[in-house]
2 protein chains.
Amino acid sequence: MPYDLILQNIGKHIHLEPQEEARFVSLLTSRELKKKQFLLRENEVCRHSAFVIQGCLRSYNLDENGFEHILQFAPTDWWTADMYSLISQQPGSLYIDALEDSEVLLLSKKDQEQLYHDCPKFERFFRIITENSLVANRRRVLDNLSLSAQQRYAMFCQHYPSLINHLPQKQIAAYIGVTPEFLSKLRKEFRHS
Amino acid sequence: MPYDLILQNIGKHIHLEPQEEARFVSLLTSRELKKKQFLLRENEVCRHSAFVIQGCLRSYNLDENGFEHILQFAPTDWWTADMYSLISQQPGSLYIDALEDSEVLLLSKKDQEQLYHDCPKFERFFRIITENSLVANRRRVLDNLSLSAQQRYAMFCQHYPSLINHLPQKQIAAYIGVTPEFLSKLRKEFRHS
DNA sequence: CTATTTTCTTAATCTACATTATTGTTTTCG
DNA sequence: CGAAAACAATAATGTAGATTAAGAAAATAG
């Protein structure tokens with residue numbers, strides 16, 4: 001069964017009894033995504049938290065010129081959602097799609113809130129991973145304000161070594177905030193230093 | 001008593017019984033900060049969550065050239081902390097200081113976790129405000145990637161109208177990620193359009 | 001109230017990064 | 001497999017925003 005990974009993921013922060021595990025997995029639905037297939041589009045309402053058990057997703061928006069800007073990569077063992085839309089149940093601005101053939105487990109907002117109510121441990125779990133995500137995003141805000149493109153690329157390599165050889169460079173460029181052409185230049189300098 | 005504001009702040013998301021309110025406020029300590037006085041410095045361990053009841057704080061870091069980059073303004077009715085340091089209890093990279101004479105209420109990490117344990121409602125409260133902060137920070141990451149300085153300034157004016165006339169421009173520049181000189185130029189264009 | 005410090009404006013010059021264009025390479029897929 | 005599409009490298013040119021400098025205005029302190 002494909003639930004080992006998500007139960008392990010939760011187990012990093014809270015301990016679940018067998019019947020709590022059973023209850024939890026009973027709420028999950030599975031969904032396969034082919035490469036480039038969308039889990040969510042701009043202006044849709046996000047109704048689920050998604051946990052990646054295979055493959056890799058990304059969430060991004062489009063600017064007024066149609067360029068993509070990547071908010072998050074979600075490889076295996078990561079959670080993803082348009083948090084603004086999920087919380088407010090208003091149309092969001094994010095696209096979420098698959099960078100390769102992938103599989104996700106979905107937990108609906110309604111079930112998630114019911115879980116919080118029935119078993120506060122789950123609220124603790126999501127409180128903790130939300131805190132961790134907040135720390136990472138605050139770090140990224142400050143990095144974008146205080147580091148050069150060269151330094152941001154170095155940080156990315158350091159922080160996500162497994163993604164570097166896995167993702168097309170243009171995706172990394174759209175994450176650190178430079179054009180693919182400029183990243184190509186940066187990498188050349190990198191090699192010679 | 002100066003606890004009305006913080007109880008109201010909490011009351012926006014959860015309902016507390018009188019004895020829960022009493023328990024909560026008994027854990028708070030108050031601290032006054034003169035303008036420019038620090039609540040936290042780089043390399044210190046952050047041991048408290050802070051709630052501003054008077055004045056305005058800011059959290060920022062220094063880049064390799066000694067320039068300040070502002071992560072957050074915390075006016076009256078806002079929470080602030082170095083979340084990375086608070087969670088990990090490792091030395092952090094943030095400075096937190098007062099932009100004007102201010103007063104904060106402090107809740108220690110230990111007491112906060114005890115509260116979570118004794119009364120899950122508090123965990124819900126902090127889960128919710130952490131989610132809201134995450135949404136705001138993700139929005140800011142994408143704005144920094146996809147908007148021009150002009151547009152980021154316009155967003156700031158729209159999102160924090162009360163801060164615009166309250167803060168020195170150089171602080172706003174250090175928040176949106178431009179030099180004060182360039183912001184001055186932007187504002188001139190703004191006026192003539 | 002005055003002196004000092006901090007903040008704001010303006011303008012000239014500079015640079016990190018964007019844009020555009022071209023060519024070569026790799027991946028995808030029928 | 002072979003054709004098409006996506007990706008990457010390189011280089012010439014363009015520009016948003018940085019840097020430097022200097023003076024004016026405002027806030028602060030003594």
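Phosphate contact (OP1/OP2 of D:dT28, side-chain N/O of B:K35, threshold under 4.0 Å): present. In terms of phosphate contacts, B:T179 brings a side-chain nitrogen or oxygen within less than 4.0 Å of OP1 or OP2 of D:dA18. Contact check, B:Q169 against C:dT9: a side-chain N or O comes under 4.0 Å of OP1 or OP2.
C:dT15 atom C1' lies 15 Å from atom CD of A:Q150, rounded to whole Å. Rounding to whole angstrom units, CG of residue B:N144 and C1' of D:dA16 are separated by 15 Å. Nucleotide D:dA9 holds its P atom 11 Å from the CG atom of A:L186, rounded to whole Å. One atom, CG of B:L183, and another, P of C:dC8, lie 9 Å apart when rounded to the nearest Å.
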Query raised in the report: After noting the C-alpha distance and the side-chain angles of A:D118 and A:Q114, does the key distance pass the side-chain hydrogen bond (donor to acceptor under 3.5 Å, both in side chains) rule?
Result: CA-CA 6 Å; A:D118 298 345; A:Q114 191 63 47; 3.1 Å; yes
Query raised in the report: Can A:Y175 and A:F156 be said to form a ring-ring contact (aromatic ring centres under 6.0 Å, His included), step by step?
Result: CA-CA 9 Å; A:Y175 182 93; A:F156 187 90; 5.2 Å; yes
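Of the candidate nucleotides C:dT9, C:dC8, C:dT6, C:dT9 has the atom lying nearest to any side-chain atom of B:R187. Side-chain proximity of A:P168 to the nucleotides D:dT10, C:dC17, D:dC7 is greatest for D:dC7. Closest to the B:A149 side chain, of the nucleotides D:dG17, D:dT19, C:dA18, is D:dG17.
The residue among A:S184 and B:F182 whose nearest nucleotide of DNA chain D lies closer to the 5′ end is A:S184. Toward the 5' end of DNA chain C, the nearer of the two residues A:E181 and B:K170, judged by each one's closest nucleotide, is B:K170.
A distance-only check finds no donor-acceptor pair linking the side chain of B:Q171 to the backbone of B:P168 [under 3.5 Å].
A salt bridge does not link B:K185 to B:E181: none of the charged side-chain nitrogens sits closer than 4.0 Å to a carboxylate oxygen.
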